[in-house]
Each structure stands twice: as structure tokens, then as C-alpha cells.
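What follows is a single structure, written as C-alpha cells, with notes after it.
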Amino acid sequence: MKDFILKYFSRLLAVIGCGTLVTACYGVPYEKFSTKVSCTVVDADNGAPIKGIQVRMTMGYRPSAGDNTVQGLVPIDEPVNAYTGPDGKVEEYLTSYSEPDCLMIECLDIDGADNGSYVPSSGIYRVEDAGDLEITLENIDEYDPYYIMVDMQ
């Protein structure tokens, strides 16, 4: 009986040892979090879609006291840049190894006066709400150039 127990106990230890060997060689499995971001950039005056706008998306989480923040967000990954098409839409899939709870979206008019000139805009949105956003941009002609310079800092 003693040999029987020792035989099966040694087999059990061998299986456990092989299992930890695989983990030691290849690391602990991890999960990637994926979020689909879909937004439309429109003119605040007439609601028309704007093409050629750079949309910068950064996943992160809301800070606690003492965290290093960027406009109220602790970034998890590098920002992803996308550009609006003729219909003013952007769709991107963002992935991260940490679970984000919010998303910062910045809109910059980088094409000059080709499609109109617009004031830069940024906002922080919950990840759950990132499926269908509408972002409105104000026309730059309505603002004083000094205001725009101060707003960008």
C-alpha cells in the first residue's frame, strides 16, 4: 500500500512540476482589453461632417491623489492617431494590457484652411460610451487669435 501511495504521489508531483516549468518558460498568460472607438466630427454651426481632422485617442483611467495626469487622465498606452474621412467618421480598435475606464480624445485641424479652420478640442469619455460619439468643433473665424494661443497651452 505504501508503494502504491508513493507511486501516485510521485506522478502527481511530476505533473505539477511540468506545469510550473511551462509557466516559467513562457510566462503567465495575460489578457488584452480591446475597445472600439467610433466618432463623428461635425461643424458646430451647421452640423456638417468635417474631413481631414486628426483624432488622437489615449486610453487611461481616472487618477487618484498623487498620480501623474495628462488633462485629468493617467495614460496607459501611447496615443493612437486617426484621420476623419469625407463623412467625418473615425473607427479604431484600441488594445491595452491594462483595463482602461476612460478615453481622452483630442481633435486637431491639421490640414490648414482646406476644409475650414477649427479650434482644437479635447474631452475625456467613459470607455462604455466610446461606441458612437459626436464631437463638435467651433470655426476658428469666430475666435480671437490670442484666445486660441492661450487655449493650446
Side-chain angles (χ1 to χ4, degrees), residues 14-153:
V15 168
I16 292 172
C18 290
T20 57
L21 177 66
V22 170
T23 302
C25 290
Y26 298 107
V28 178
Y30 56 87
E31 182 177 0
K32 274 184 144 178
F33 297 95
S34 181
T35 302
K36 179 183 178 184
V37 179
S38 175
C39 66
T40 305
V41 180
V42 296
D43 190 316
D45 293 335
N46 57 16
I50 308 169
K51 76 174 193 174
I53 300 292
Q54 179 186 23
V55 180
R56 179 179 294 164
M57 299 165 272
T58 308
M59 291 198 306
Y61 59 91
R62 292 284 184 178
S64 57
D67 286 338
N68 293 327
T69 65
V70 178
Q71 296 182 6
L73 175 87
V74 178
I76 294 174
D77 289 326
E78 293 294 318
V80 174
N81 292 325
Y83 301 91
T84 59
D87 57 354
K89 291 188 181 235
V90 169
E91 284 191 6
E92 283 289 325
Y93 285 93
L94 305 177
T95 58
S96 175
Y97 294 114
S98 299
E99 185 173 12
D101 65 356
C102 57
L103 175 73
M104 182 168 63
I105 297 179
E106 301 169 281
C107 295
L108 302 168
D109 185 4
I110 60 168
D111 66 354
D114 289 345
N115 299 310
S117 296
Y118 295 92
V119 177
S121 172
S122 66
I124 297 178
Y125 304 91
R126 294 183 332 168
V127 170
E128 296 85 28
D129 300 335
D132 190 25
L133 296 171
E134 184 173 291
I135 301 171
T136 58
L137 296 183
E138 295 286 333
N139 198 319
I140 210 163
D141 297 333
E142 299 173 8
Y143 289 95
D144 182 23
Y146 176 74
Y147 170 77
I148 294 168
M149 294 295 282
V150 171
D151 192 40
M152 291 295 292
Q153 294 179 355

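Just so we're clear, the structure is a prediction, and the values are computed from it rather than from any experiment.
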Item to complete: Output all residues satisfying side chain to side chain contact (heavy atoms under 4.5 Å, CB included) with E99, sequence neighbours left out; order by chain, then residue number.
Response: F33
Worksheet item: For D109, what residues pass the side chain to side chain donor-acceptor pair (under 3.5 Å) criterion, not counting sequence neighbours?
Response: none
Worksheet item: Once you round to the nearest 0.5 Å, how far does NZ of K36 lie from CD of E92?
Response: 11.0 Å
Item to complete: Starting from the C-alpha separation in whole Å, work towards a yes-or-no answer on side chain to side chain contact (heavy atoms under 4.5 Å, CB included) for R56 and Q54.
Response: CA-CA 6 Å; R56 179 179 294 164; Q54 179 186 23; 3.9 Å; yes
Worksheet entry | Which atom of G52 lies closest to which atom of I110, heavy atoms considered | O-CG1, 4.1 Å
Worksheet item: When rounded to the nearest 0.5 angstrom, what is the spacing between SG in C39 and OH in Y125?
Response: 8.0 Å
Fill in: side chain to side chain contact (heavy atoms under 4.5 Å, CB included) partners of V42, counting only residues at least two apart
T40, E134, T136
Discussion item. So does P75 get a backbone contact from the side chain of T58, meaning a donor-acceptor N/O pair under 3.5 Å?
Written reply: no
Discussion item. I'd like to check the side chain to side chain donor-acceptor pair (under 3.5 Å) partners of D77; sequence neighbours left out, ordered by chain and number.
Written reply: S96
Response to the item:
The side chain to side chain contact (heavy atoms under 4.5 Å, CB included) partners of D132 (sequence neighbours excluded) come to none
Worksheet entry | Main-chain N/O of L137 paired with S121 side-chain donor or acceptor, under 3.5 Å | no
Worksheet entry | Partner residues of R126 under the salt bridge (Lys or Arg N to Asp or Glu O under 4.0 Å) criterion, sequence neighbours left out | E128, D129
Practice prompt. Give me the one residue out of V90, I124, V55, V41 that meets side-chain contact (heavy atoms from CB on, under 4.5 Å) with I105.
Written response: V55
Fill in: Nearest atoms (heavy-atom pairs only) where S34 meets Y93
OG-CD2, 4.2 Å
Fill in: CA sep, side-chain torsions, deciding dist, call: L103, T35, side chain to side chain contact (heavy atoms under 4.5 Å, CB included)
CA-CA 10 Å; L103 175 73; T35 302; 5.6 Å; no
Discussion item. Rounded at 0.5 Å granularity, tell me how far CD1 in I50 sits from OH in Y118.
Written reply: 4.0 Å
Fill in: Considering all heavy atoms, the nearest P86-K51 contact
CA-CB, 3.8 Å
